[in-house]
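Okay, structure first, notes after.
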Amino acid sequence: MECVSPAGSVYQAGTLSGNPLAMHAGKAMLDYLKHQPAVYDVIEEKAAYLERGMRAILEEYHLPFSLVRAGSLMTLFFCERVPHRYDDVQKADLKKYSQYFRGMLDRGVMLAPSQFEAMFVSCALTKNDMDVTLQAFREVMKEMAA
């Protein structure tokens, strides 16, 4: 444990890490996913839908961006090239990300407040939820392009 921050150089964090109720809920979810593997296809379809919509909007407003997605994880960087290393990520426009975050929040869409966190697409999202998100995204990108 001496390697773990704040004593050491290894950072570890997690929402409700080790909390017995959170651990029980996590185990129940893993059991569910084991027996319902089709949920991954549903999440993939939803993430792809959001990605296509976001890309189209970003291209429409000619904003420099890199939208990176792996399955249900997605991150938007305001930079022209896809970041591959931490140094690349550091070159992203953090002010633009902040503007994006605040604009989406003002429209009722909660995102990770940090450029260095990913969006997690949930199977609970409905088509309407995703369309509302894309509409908010369009409005924010229009403001940012002005």
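Everything quoted here is computed from the prediction, not taken from an experiment.
- Screening residues 17-29 for salt bridge (charged side-chain N to carboxylate O under 4.0 Å, His left out) gives Lys27-Asp31 as the qualifying pairs, with residues at least two apart or on separate chains.
- Residue pairs meeting the salt bridge (charged side-chain N to carboxylate O under 4.0 Å, His left out) criterion with at least one partner in residues 108-122, sequence neighbours excluded, are absent.
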Original post:
Checking side chain to side chain contact (heavy atoms under 4.5 Å, CB included) for the pair Phe77/Leu67: CA distance, chi angles, key distance, verdict?
Top reply: CA-CA 6 Å; Phe77 296 98; Leu67 185 59; over 6 Å; no
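- Each side-chain hydrogen bond (donor to acceptor under 3.5 Å, both in side chains) pair with one or both residues in residues 33-43, not counting sequence neighbours, would appear here, but there are none.
- Contact detail for Cys123 and Val42: the closest heavy-atom pair is CB-CG1, 4.3 Å.
- Contact annotation: the side chain of Phe78 never approaches that of Gln99 to less than 4.5 Å [non-hydrogen atoms, C-beta and beyond].
- Connection of Val89 to Leu76 is not established within any shared hydrophobic cluster, with ILVMFWY side chains joined at heavy-atom distances below 4.5 Å, either directly or through further cluster members.
- Grouping the Ile, Leu, Val, Met, Phe, Trp and Tyr side chains by contacts below 4.5 angstrom, directly or via other members, places Val109 apart from Leu73.
- Here side-chain hydrogen bond (donor to acceptor under 3.5 Å, both in side chains) pairs that include residues 57-83, with residues two or more places apart or in two chains, are Glu44-Arg69, Glu51-Arg69, Glu60-Arg138.
- Contact check for Phe101 versus Gln115: no side-chain heavy atoms found under the 4.5 Å cut-off.
- Linking Ile, Leu, Val, Met, Phe, Trp and Tyr residues whenever their side-chain heavy atoms come within less than 4.5 Å places Tyr49 and Phe65 in a single cluster.
- Considering only residues two or more places apart in sequence or on other chains, Tyr32 meets the side-chain hydrogen bond (donor to acceptor under 3.5 Å, both in side chains) condition with none of them.
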**OP:** Let me see the working for Leu63 and Ile57 under side chain to side chain contact (heavy atoms under 4.5 Å, CB included), right down to the final yes or no.
**Re:** CA-CA 9 Å; Leu63 291 167; Ile57 292 164; over 6 Å; no
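- Pairs engaging residues 106-146 under the ring pair (Phe, Tyr, Trp, His ring centres under 6.0 Å) rule: Tyr100-Phe137 [sequence neighbours left out].
- Scored by the side chain to side chain contact (heavy atoms under 4.5 Å, CB included) test, Val132 finds Asn128 as partners (sequence neighbours excluded).
- For the pair Ala112 and Tyr97, the tightest heavy-atom approach, listed with the atom from each and the gap, is O-OH, 2.7 Å.
- The cluster map of Ile, Leu, Val, Met, Phe, Trp and Tyr, joined by side-chain heavy atoms under 4.5 Å apart, puts Met104 and Met110 in the same cluster.
- Every residue two or more places apart in sequence or in another chain that forms a salt bridge (Lys or Arg N to Asp or Glu O under 4.0 Å) with Lys96 is listed here: Asp93.
- With sequence neighbours left out, His24 forms a side chain to side chain contact (heavy atoms under 4.5 Å, CB included) with no residue at all.
- Side-chain contact, Tyr86 with Gln90: a donor N or O sits under 3.5 Å from an acceptor N or O.
- Cluster membership check: Leu58 shares its hydrophobic cluster with Met144, using side-chain heavy-atom separations under 4.5 Å among Ile, Leu, Val, Met, Phe, Trp and Tyr.
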Subject >> side chain to side chain contact (heavy atoms under 4.5 Å, CB included) between Met74 and Val68, worked out >> reply: CA-CA 6 Å; Met74 195 164 20; Val68 180; over 6 Å; no
**OP:** For the pair Leu111 and Met119, evaluate side chain to side chain contact (heavy atoms under 4.5 Å, CB included) and give the outcome as yes or no after the intermediate values.
**Re:** CA-CA 7 Å; Leu111 304 171; Met119 285 178 23; 3.9 Å; yes
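- Between the side chain of Lys46 and the main chain of Leu125, a donor-acceptor pair closer than 3.5 Å is present.
- With sequence neighbours excluded, the residues forming a side chain to side chain contact (heavy atoms under 4.5 Å, CB included) with Arg107 are Ala136, Glu139, Val140, Glu143, listed by chain and number.
- The shortest heavy-atom contact between Ala47 and Gly71 is CB-O, 3.4 Å.
- Note on residues 124-137: pairs passing salt bridge (charged side-chain N to carboxylate O under 4.0 Å, His left out), not counting sequence neighbours, are Lys127-Asp131.
- Clustering of Ile, Leu, Val, Met, Phe, Trp and Tyr side chains at separations under 4.5 Å leaves Leu30 isolated, with no partner residue.
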